[in-house]
Visitor: 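Below: one structure in C-alpha cells.
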Amino acid sequence: MLYKNLGINSKGHMTIGGLDACDLAAEYGTPLYVLDEDVIRSNCRTYLDSMHEEFGADSTPLFASKALSFRGIYPVVESEGLCADVVSPGEIYTALSAGFPAEKMFFHGTNKTDADIEYGVSEGVGYFVVDNLNELAVLDRKAGEHGVRQKILLRLTCGLDPHTLEAISTGKVDSQFGVPIDTGQADDFVRAALECSNLDLAGLHSHCGSQIFESDSFNLQAEILIRYAAHIRDDLGYTVRIINIGGGFGVRYVESDPLPDIPARIAEVAQHMRAACEKYAFKPETVYMEPGRSIVADAGVTLYETGGVKEVKGYRNYVTIDGGMTDNPRYALYKADYTVLNASRADQPADYECTIAGRCCESGDRIAEYINIAKPERGDIIAVLTTGAYNYSMASNYNRVPRPAMIMISAGKARLVVKRESFEDLIRNEL
Ligand SMILES: *Cc1c(COP(=O)(O)O)cnc(C)c1O
C-alpha cells in the first residue's frame, strides 16, 4: 500500500485508518470522500515542528485553503497551530463560519474585486497578499474608510521555472501572479505600497508552483527573497519583517513518485535562507510557508462503486465508476496520475489492465488509464488514493451529478463531515 494508514483485513478488503472501506461505502454511499484526520494532524505537526526548529517559534505553516476548503477542516488545522491562506470571500466565509479567526488569514488572489476587498477588510483579515498596483490603491482606500492600518505582503515573482506542470507553475516572470523582480517592476510596487498611509508593508511573498519534487526552486526563491528584502532596506530605506515562501511541496500519487521528506526539505530551504541572511545581512522576524496539497492529499481516499467492465476487443478494457470528473477533475485537467485499487479484492493480484472511466457524457471523463487492478465485478468498491487535495474543492455538478459526501476518520471512528448533495440542492437557486 502507498501509505501506512491503509491496510488489508481478513475479508481481503482494503482498510483506511483501520476501517473496512467496503463497510464505509455501504454505510455512507458512493462516491465517498474519506479523510483520515489523524494523517492530516500528523502532517500539520511535521510542518509546524520543522518550521519552529528551523525558523523560530513565530514561524508557522499556513494551510492553503484552496486544496480543501470546508467547515470541518478549519478547527483541525487551527487546533494544530496553523494559520490559513484564503483566495476568495467564499473561503473567508467558510473559515469564519467554522470559527477560524480572521486575523490568522492571509488573503491571496490575482483579482480581488472592490467587494472582495471590502469584505476582507471589514471582517478583519490579518494580511492581504497584494498582487498588483490596482489592488494596492483600492485596499489603501478601503482600509482608510474602515479606519484600519491593514497589514500586507507583496506578491513577487522570482523568475524561477520549477519543473512541474505548466498549469501549476506560478513563479516565472511571465505569470499572471504577482509582480516580477527581474523587470524592475517590484521596486515600483514597493514604493507605491510605502506611500499608502493606511497600509503596513509587513513582508514579501512568492510561490513558485505546485507538485515540485526538487528543492532547487525553493532554495533559490528563499535566497532571492532575502536578497530583495536587503535591497529594499538598502535602496528604499524600509525593512520588512516577514518572508513567505509559498507552498508547493510535491506529494506521492503513485509509487514511482519519490516519498517526500518534509523535515529534510524544510531544513534544506532553511539552510539556504540562513546562508543568504548572512550574505546580505538581513534576517526576517518570521517565515511562513503555505502547504496545501501536502497537508491533506495523502489523507484522502475516494471510494466508488463499479458499474461494470467493458472490454473493447483489440483496444482496451474500461471499468466504469459512479463518479469521475465531477468529484475529481484532475485527470481531465492535467492528466494527473493516481493509484487505484479494487478495495473489495485488495488481497488479489492487480493483474487486470484497464482504464477507469467516469459517468459523464464526456470521453475525457477518466480517472486513470492503462492501470492494473484486481479485476472488478459490478458492485465492487474502487478506491482512488491521495485525493484529499484538489478533489472536493474542485468538484462540480456537471451532468447534474450531486457532489459526494465526505467522512472523517479519527482513532478508528468515522463521522460525516459533508452531507451528500440532494437533487433539491441541485435546483435550490433556480427560479
Ligand atoms: C496553490 C497555492 C499554494 C498551495 O500549493 P500546494 O501545491 O497545494 O502546496 C500556496 N500558496 C499559494 C499562493 C498558492 O497559489
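For ligands, and for the atoms within them, numbers begin at 1 and follow the listed sequence. Quick caveat: nothing in here was measured; it's all calculated off a predicted structure.
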Visitor: Mind checking whether G246 has an N or O less than 3.5 Å away from an N or O of ligand 1?
Guide: no

Visitor: If the test is ring pair (Phe, Tyr, Trp, His ring centres under 6.0 Å), which one of Y304, Y253, Y390, Y331 qualifies with Y338?
Guide: Y253

Visitor: Output yes when D200 and R241 qualify as a salt bridge under the 4.0 Å nitrogen-oxygen rule, no when they do not.
Guide: yes

Visitor: Does the ring of F107 carry K112 above it, NZ/CZ under 6.0 angstrom from centre and within 45° of its axis?
Guide: yes

Visitor: So is R420 actually on top of Y28's ring, under 6.0 Å and inside 45° of the axis?
Guide: no

Visitor: For ligand 1, which part of H207 has a heavy atom less than 4.0 Å away: the side chain, the backbone, both, or neither?
Guide: side chain

Visitor: Can you tell me which residue pairs pass the ring pair (Phe, Tyr, Trp, His ring centres under 6.0 Å) test with a partner in residues 255-277, sequence neighbours excluded?
Guide: none

Visitor: For the residue pair H207 and H205, does the interplanar ring angle fall in the parallel (under 30°), tilted (30 to 60°) or perpendicular (over 60°) class?
Guide: parallel

Visitor: Just distances here: any N/O of G248 and N/O of ligand 1 closer than 3.5 Å?
Guide: yes

Visitor: Looking only at heavy atoms, is any part of E290 under 4.0 Å from ligand 1, and if so is it the side chain, the backbone, or both, or is it neither?
Guide: both

Visitor: Taking N or O atoms only and a 3.5 Å limit, does Y390 qualify as a polar contact for ligand 1?
Guide: yes

Visitor: Indicate yes or no: does E369 engage R366 in a salt bridge with an N to O separation below 4.0 Å.
Guide: yes

Visitor: Does F106 have its ring centroid less than 6.0 Å away from the ring centroid of Y288?
Guide: yes

Visitor: Would you say K66 has any N or O atom under 3.5 Å from an N or O of ligand 1, going by distance alone?
Guide: yes

Visitor: Give the contacting part of V87 toward ligand 1: side chain, backbone, both or neither, where contact means a heavy-atom distance below 4.0 Å.
Guide: neither

Visitor: When you compare ligand 1 with R155, is there at least one nitrogen or oxygen pair between them that comes in under 3.5 angstrom?
Guide: no

Visitor: Under 4.0 Å from a heavy atom of S210: which atoms of ligand 1 are those, numbered in the order shown and with their elements?
Guide: 5 (O), 6 (P), 7 (O)

Visitor: Check each atom of ligand 1 against the heavy atoms of H108 and keep those under 4.0 Å away; list them by number with element.
Guide: 13 (C)

Visitor: May I ask whether P291 places a heavy atom under 4.0 Å from ligand 1?
Guide: yes

Visitor: Can you check whether S294 has an N/O within less than 3.5 Å of an N/O in ligand 1?
Guide: no

